Amino acid sequence: MCGIVGYVGYREATDLLLEGLFRLEYRGYDSAGVAVLNGGEISVRKKAGRVHELAKLVDANPVHGCLGIGHTRWATHGETTDINSHPHVGGNGEVVLVHNGVIENYTSLRTFLQEHGFVFRTATDSEVIAHLISYHFTEQTEQGGDPKNSATAIKAVEATLKRLKGTYGLGIIFQEFPKMLIGARAGSPLVVGIGQGEYFLASDASPLVGYTEEVVYLSDHEMAILSPDSFELLHRDSGALSPSIQTIDQVAADVDLGDFEHYMLKEIFEQPQTIENAMRGRFDEDEATAKFGGLNLDPQQLRRIDRVVLTACGTSWHAGLVGEYLLEEFARIPTEVEYASELRYRNPPLTDNTMVFAITQSGETADTLAAMRECKRKGHPTLAICNVVGSTIAREADGGIYLHAGPEIGVASTKAFTSQVTVLTLLALYLGRMRHLSYPAGQRLIHQLKSMPEIIRKSLDCFETVKNVAQKYSEFSNFLYLGRLHNFPVALEGALKLKEISYIHAEGYPAAEMKHGPIALVDEVTPSVFVIPRGGIHPKVISNMEEVKARRGPVIAIACEGDTKVDNLADDIIRVPDVEEYLQPLVTAIPLQLLAYQIAVVRGCNVDRPRNLAKSVTVE
Ligand code: M6R
């Protein structure tokens with residue numbers, strides 16, 4: 001949800017800002033802009049559209065200077081026009097800023113500022129911040145502050161931040177202060193990169209890779225005052241702080257597309273490796289269990305757990321549903337999966353020994369963060385299953401498990417899903433072995449898990465078949481995705497993938513639930529994608545398939561190699577390797593990811609940057 005980048009130092013800021021914006025573009029791609037202090041004046045270039053449009057604009061009309069800020073936007077308030085793009089100018093141009101977040105009280109602030117003579121040029125909530133800083137800067141000078149002293153500007157920013165309700169990550173520069181870059185955070189991520197004679201500011205560490213290895217992640221209500229040779233960290237309530245410097249996660253550098261046409265395809269094909277990464281070093285073969293370095297709970301605490309709550313959004317929520325099946329099956333711990341957006345405002349009765357897991361790829365999803373904080377506030381151990389190292393959720397959780405999947409750039413989540421499912425399987429094994437799961441059962445599960453990377457590699461062989469199926473069905477407007485037990489969440493995930501990147505309406509259902517309503521949708525032009533690998537429930541799903549065929553609905557089956565029962569029923573069959581039921585989601589997710597991808601390609605959709613979406617949803 002919007003990417004921010006800032007620079008103060010000795011290099012040409014524009015080049016760095018543009019490079020940073022390209023790396024942050026996954027956060028939003030409605031518009032982009034930069035502001036650079038150019039010979040005593042702040043020059044702004046901004047444009048609706050992707051970062052390469054901005055790059056063309058800057059090429060035609062360059063700006064030079066060593067202090068600047070940049071922004072790539074996911075629109076919340078105001079249409080995606082040039083004028084609504086960031087950066088925004090305050091007052092008469094004395095202050096310029098970029099903002100990620102939502103200002104909830106912007107209407108009343110706007111009225112207040114209009115009453116004080118400020119003229120608004122945009123329909124955004126962000127512009128109020130720029131004008132408010134300008135208002136408070138004047139106020140400070142009227143109260144005796146020196147307009148040539150940067151302390152006056154800092155006080156104006158502090159006074160402004162106190163009046164904002166909502167979330168923000170801000171990059172701010174002043175015309176009067178050519179060596180000062182201010183960053184401020186409440187609810188939206190911000191990281192400072194420490195260089196030699198230079199400092200960087202960004203929404204995440206990706207723009208900093210290659211420039212510095214030392215970073216400081218800002219916490220809420222912190223403000224960074226940066227100049228080429230100084231870094232001051234201030235907290236709203238406690239004043240000056242000493243920054244805690246961390247080393248950047250260099251894996252974040254791996255954003256190269258290689259020979260792939262899209263990031264989504266690259267990430268789908270990375271899954272044999274990412275699943276292996278999720279398991280690396282996490283088996284204790286002597287004890288036939290899993291091991292984790294960062295749960296930060298002792299075995300006694302873990303044994304006392306009588307309930308697990310998994311909270312997440314979107315794809316991560318689907319992974320949580322698979323986790324529920326696995327935790328209840330192997331560890332016999334009652335498990336619930338809650339939409340984070342609901343949990344944050346609900347007040348469900350949680351037992352003293354409830355353990356809460358936030359599942360998130362980005363570690364920045366606003367709803368998941370809020371739900372986690374709410375549970376933490378009530379005293380529950382809150383842990384995270386997270387991909388992005390150093391993200392807000394990873395830092396605020398009491399402990400957790402990293403996915404180690406590497407950067408996921410495609411907006412449609414793929415490899416994060418299978419890594420989350422892998423980690424949840426390990427967690428079920430670990431908690432299971434503390435309870436009812438026998439030594440041989442633990443050994444068997446470890447053995448099966450170890451073979452998964454190779455099995456996933458084989459699952460990817462369906463690529464060409466999926467291509468043909470996609471050609472055949474790409475013009476259909478409605479799809480049903482049906483699966484049972486462990487494959488019900490996979491059906492939900494398959495439908496979500498198709499919706500997100502192809503803009504085709506798709507519904508996921510438990511296959512047997514279909515007869516309670518969705519079957520009314522079945523006709524010759526509504527294909528049903530059945531996720532029907534082998535297992536105890538297979539004959540039941542065959543019956544569900546018969547029901548669809550009886551109503552002349554086209555059937556696409558995701559079935560195991562050698563399963564002849566589907567041959568006469570399905571119009572098209574995509575084969576996957578046969579694995580135990582509890583491991584099937586890892587395998588059956590692959591053809592559904594590929595199907596959504598191929599259909600989107602055939603329809604000419606923007607696979608990696610689907611309309612209206614952003615990779616990390618940092619607004620409510
Ligand atoms: O980063 P998170 O895992 O917290 O993100 C949650 C959802 O926003 C995310 O899974 C979203 O649904 C994806 N676009 C799905 O492909």
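Order of listing sets the numbers, starting from 1, for every ligand and every atom in it. Remember, it's a predicted structure, so these values are computed and weren't measured experimentally.
- Nearest heavy atoms, L594 versus C462: CD1-SG, 3.9 Å.
- Using modelled atom types, one finds no donor on one side chain facing an acceptor on the other under 3.5 Å when comparing T414 with Q593.
- Residue-level proximity to ligand 1 for E364 is absent, since no heavy atom of it falls below 4.0 angstrom.
- Each of the following atoms of ligand 1 lies closer than 4.0 Å to a heavy atom of A412: 16 (O).
- Taking the six-membered ring where tryptophan is involved, the planes of F479 and F476 are perpendicular, since the angle between them exceeds 60° and thus also 30°.
- The closest protein non-hydrogen atom to atom 12 (O) of ligand 1 is G314 CA, 3.3 Å.
- Smallest separation of non-hydrogen atoms from G281 and K291: O-CE, 3.3 Å.
- At least one N or O atom of K497 sits closer than 3.5 Å to an N or O atom of ligand 1.
- Looking only at atom types and distance, the side chain of S413 has a donor-acceptor partner in the side chain of E408 under 3.5 Å away.
- A side-chain hydrogen bond (donor to acceptor under 3.5 Å, both in side chains) with H486 holds for exactly one of E581, Q584, E329; it is E329.
- Atom 9 (C) of ligand 1 has as its closest protein heavy atom T315 N, 4.1 Å.
- Among protein heavy atoms, the minimum distance from atom 2 (P) of ligand 1 is reached at T365 OG1, 3.2 Å.
- Closest to atom 6 (C) of ligand 1, if we only count protein heavy atoms, is C313 O, 3.3 Å.
- The protein atom (non-hydrogen) at minimum distance from atom 8 (O) of ligand 1 is V617 CG2, 3.9 Å.
- Atoms CD1 and OG1, from I558 and T588 in turn, are 8.0 Å apart once rounded to the nearest 0.5 Å.
- Heavy-atom proximity to S316, at under 4.0 Å, picks out these atoms of ligand 1: 2 (P), 3 (O), 10 (O).
- Listed by atom number, the atoms of ligand 1 under 4.0 Å from S362 heavy atoms are 1 (O), 2 (P), 4 (O).
- Scanning E500, Q593, K499 for the heavy atom closest to atom 14 (N) of ligand 1 points to E500.
- Side-chain contact annotation: Y597 with E267, donor-acceptor N/O pair under 3.5 Å absent.
- Annotation for ligand 1: atoms under 4.0 Å from non-hydrogen atoms of V411 are 13 (C), 14 (N), 16 (O).
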